[in-house]
Amino acid sequence: HTCGVDSRKGIQCWGSDASGQLQAPSGEFLHVACGERHTCALDMGGSVACWGDDGYGESSPPEGSFSSISVGGGFSCGIEVGGAVACWGQDGLGQASSVPEGHFAHVNAGQAHACVLDADSAPHCWGWNADGQSSAPDLQFTAIEVGTYHSCGLDLEGGLRCWGRGYEGEGQGEGGGGEGEAPIEMQTFVDVAVSAFHTCMVTTEEELFCLGVNEQGQSRPPLGLFRSVTTGVEHSCGLALTGEVSCWGSNEWGQSTVP
């Protein structure tokens with residue numbers, strides 16, 4: 001499924017609603033994040049609201065004020081106003097309980113692991129690490145995103161660095177490239193989104209670039225100028241400079257059909 005905050009600060013969702021993950025509450029919101037079968041949003045006052053599957057408590061956020069949120073497979077995380085990270089939900093691999101202590105500016109939750117950036121732009125990851133997806137390099141990043149088997153970050157120069165599994169090309173942060181594109185190590189980026197088997201980025205020229213599995217067309221983005229990108233398991237969506245949303249890839253549940 002896919003969700004977004006519209007120009008009136010309301011939430012719009014589309015795709016599969018098998019667990020009620022499309023049943024967004026009314027109100028005004030700053031940000032919304034989609035997981036596998038649940039969704040969370042940050043309202044104007046800093047409170048978190050979640051809906052959909054709650055089998056592990058992933059849709060039961062703690063009280064308090066948050067500055068950002070992210071949603072994973074069966075768990076959710078947020079940065080409290082004071083800078084501490086909090087996670088809730090599924091915890092079989094420590095993804096909800098092994099959070100680092102300290103003050104952080106950004107958190108991103110994947111299928112069963114998560115990463116944060118501290119005040120010095122250094123990454124800290126925890127949870128599932130079978131493929132090295134939680135073994136972040138000793139570098140500084142401006143952004144960090146995690147999927148299922150791999151994680152990626154944008155370094156201070158805008159270069160893409162990935163770690164974890166890259167068997168399908170989804171984690172080729174220092175090589176590879178699409179047809180007709182310059183090699184990825186020669187490009188710089190302003191946004192990155194990571195999924196199970198593919199990765200998409202927005203270049204400094206505001207164009208989309210994707211790597212990895214493309215069986216459903218999820219790694220074949222449209223032409224145009226974009227400001228941000230997000231990825232699902234087999235689909236991707238981008239926010240154009242015009243404010244319009246475009247999605248591509250699998251549309252089995254209508255997740256790529258923007259209302």
Side-chain angles (χ1 to χ4, degrees), residues 3-5 9-11 13 21 23-129 133-136 138-147 151-154 156 191-194 228 230:
C3 295
V5 177
K9 300 179 181 178
I11 295 175
C13 295
Q21 60 265 50
Q23 304 306 310
S26 58
E28 295 185 344
F29 295 87
L30 292 167
H31 177 70
V32 62
C34 296
E36 188 173 352
R37 291 185 296 272
H38 78 292
T39 312
C40 293
L42 185 67
D43 70 19
M44 303 300 289
S47 296
V48 177
C50 299
W51 58 96
D53 190 17
D54 198 31
Y56 296 102
E58 64 266 46
S59 293
S60 298
E63 296 182 358
S65 296
F66 291 79
S67 59
S68 67
I69 56 169
S70 182
V71 175
F75 75 113
S76 311
C77 294
I79 299 293
E80 298 175 351
V81 170
V85 59
C87 296
W88 57 96
Q90 190 174 16
D91 194 39
L93 294 167
Q95 62 266 48
S97 62
S98 299
V99 299
E101 296 182 356
H103 295 83
F104 303 96
H106 175 76
V107 62
N108 192 254
Q111 180 65 28
H113 76 292
C115 295
V116 292
L117 292 179
D118 65 22
D120 294 321
S121 301
H124 303 264
C125 302
W126 65 95
W128 194 25
N129 197 34
Q133 61 267 59
S134 291
S135 298
D138 186 15
L139 296 170
Q140 291 179 300
F141 293 96
T142 60
I144 192 167
E145 295 286 320
V146 305
S151 309
C152 296
L154 298 181
L156 299 186
D191 193 31
V192 59
V194 177
S228 63
T230 187

**Student:** Could you tell me whether the side chain of D53 reaches within less than 4.5 Å of the side chain of E58, counting heavy atoms only?
**Tutor:**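 Contact flag for E58/D53 side chains = yes.
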**Student:** Can you tell me how far OH of Y56 sits from CZ of R37, rounded to the nearest 0.5 angstrom?
**Tutor:**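 Reported to 0.5 Å precision, the distance equals 8.0 Å.
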**Student:** What are the two closest heavy atoms between I11 and A24, and how far apart are they?
**Tutor:**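 Heavy atoms only, the tightest pair is CG2-CB, 3.6 Å.
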**Student:** With side chain to side chain contact (heavy atoms under 4.5 Å, CB included) as the test, pick out the partner of W51 among C40, P25, S59.
**Tutor:**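 Exactly one option meets the side chain to side chain contact (heavy atoms under 4.5 Å, CB included) with W51, and it is P25.
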**Student:** Is the shortest heavy-atom distance from the side chain of C50 to the side chain of P61 under 4.5 Å?
**Tutor:**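 Contact flag for C50/P61 side chains = yes.
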**Student:** Find out whether V116 and W126 are in side-chain contact, i.e. whether some heavy atom of one side chain is under 4.5 Å from a heavy atom of the other.
**Tutor:**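 The answer is yes, as the side chains (C-beta and beyond) meet within the 4.5 Å cut-off.
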**Student:** So V5 and H31, do their side chains get closer than 4.5 Å, heavy atoms only?
**Tutor:**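 When only atoms from C-beta onward are counted, V5 and H31 do not touch, as no gap falls below 4.5 Å.
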**Student:** Counting C-beta onward and ignoring hydrogens, is there a side-chain heavy-atom pair between I79 and S67 closer than 4.5 Å?
**Tutor:**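 Yes, close enough: below the 4.5 Å cut-off.
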**Student:** Could you state the interatomic distance from CG (D118) to NE2 (H103), rounded to the nearest 0.5 Å?
**Tutor:**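 So the gap between those two atoms works out to 11.5 Å.
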**Student:** Would you check if H106 and E145 make a side-chain contact, meaning some heavy-atom pair closer than 4.5 Å?
**Tutor:**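 Of all side-chain heavy-atom pairs linking E145 with H106, at least one is under 4.5 Å.
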**Student:** Test F104 against H124 for ring pair (Phe, Tyr, Trp, His ring centres under 6.0 Å), laying out the working first.
**Tutor:** CA-CA 10 Å; F104 303 96; H124 303 264; 5.7 Å; yes
**Student:** Do the side chain of T142 and the main chain of L156 share a donor and acceptor less than 3.5 angstrom apart?
**Tutor:**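 Between the backbone of L156 and the side chain of T142 there is no qualifying donor-acceptor contact (under 3.5 Å).
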**Student:** Rounded to the nearest 0.5 Å, how far apart are CG of D191 and OG of S228?
**Tutor:**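 OG of S228 is found 5.5 Å from CG of D191.
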**Student:** Could you walk me through whether F141 and V192 pass the side chain to side chain contact (heavy atoms under 4.5 Å, CB included) test, one step at a time?
**Tutor:** CA-CA 12 Å; F141 293 96; V192 59; over 6 Å; no
**Student:** Are the side chains of V194 and S151 in contact, using a 4.5 Å heavy-atom criterion?
**Tutor:**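 Not touching, per the 4.5 Å side-chain cut-off.
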**Student:** As an exercise, state the distance from OG of S68 to CG of L30, rounded to the nearest 0.5 Å.
**Tutor:**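 Those atoms lie 11.0 Å apart.
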**Student:** W88 and G78: which non-hydrogen atoms are nearest, and at how many Å?
**Tutor:**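 The pair with the smallest heavy-atom distance is CZ3-N, 3.9 Å.
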**Student:** Ignoring hydrogens, what is the shortest heavy-atom contact between H113 and F75? Give both atom names and the distance.
**Tutor:**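 Heavy atoms only, the tightest pair is O-CZ, 3.5 Å.
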**Student:** Indicate, with yes or no, whether the SG-to-SG separation of C34 and C3 is under 2.5 Å.
**Tutor:**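 No.
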**Student:** Roughly how far apart are S97 OG and Q95 CD, rounded to 0.5 Å?
**Tutor:**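 So the OG of S97 and the CD of Q95 are separated by 8.0 Å.
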**Student:** Please lay out, stage by stage, how E80 and F66 fare under the test side chain to side chain contact (heavy atoms under 4.5 Å, CB included).
**Tutor:** CA-CA 4 Å; E80 298 175 351; F66 291 79; 3.7 Å; yes
**Student:** Quick one: does S70's side chain have a donor or acceptor within less than 3.5 Å of a partner on C77's backbone?
**Tutor:**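 Here the side-chain-to-backbone pair does not exist.
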**Student:** Are any of the side-chain heavy atoms of Q111 and E36 separated by less than 4.5 Å?
**Tutor:**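 Yes; the side chains approach each other to less than 4.5 Å.
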**Student:** Considering all heavy atoms of both residues, which atom of V99 and which atom of C87 are nearest to each other, and what is their separation?
**Tutor:**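 The pair with the smallest heavy-atom distance is CG1-SG, 3.6 Å.
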**Student:** Give me the atom names and distance for the closest heavy-atom approach of A112 to L93.
**Tutor:**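 So the minimum-distance heavy-atom pair works out to CB-CD1, 4.0 Å.
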**Student:** So how far is it from S121 OG to L139 CG, rounded to the nearest 0.5 Å?
**Tutor:**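 One finds 11.5 Å between OG of S121 and CG of L139.
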**Student:** Looking at C115 and I144, what are the two nearest heavy atoms and their distance?
**Tutor:**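 Looking at all heavy atoms of both residues, the closest pair is CB-CD1, 3.5 Å.
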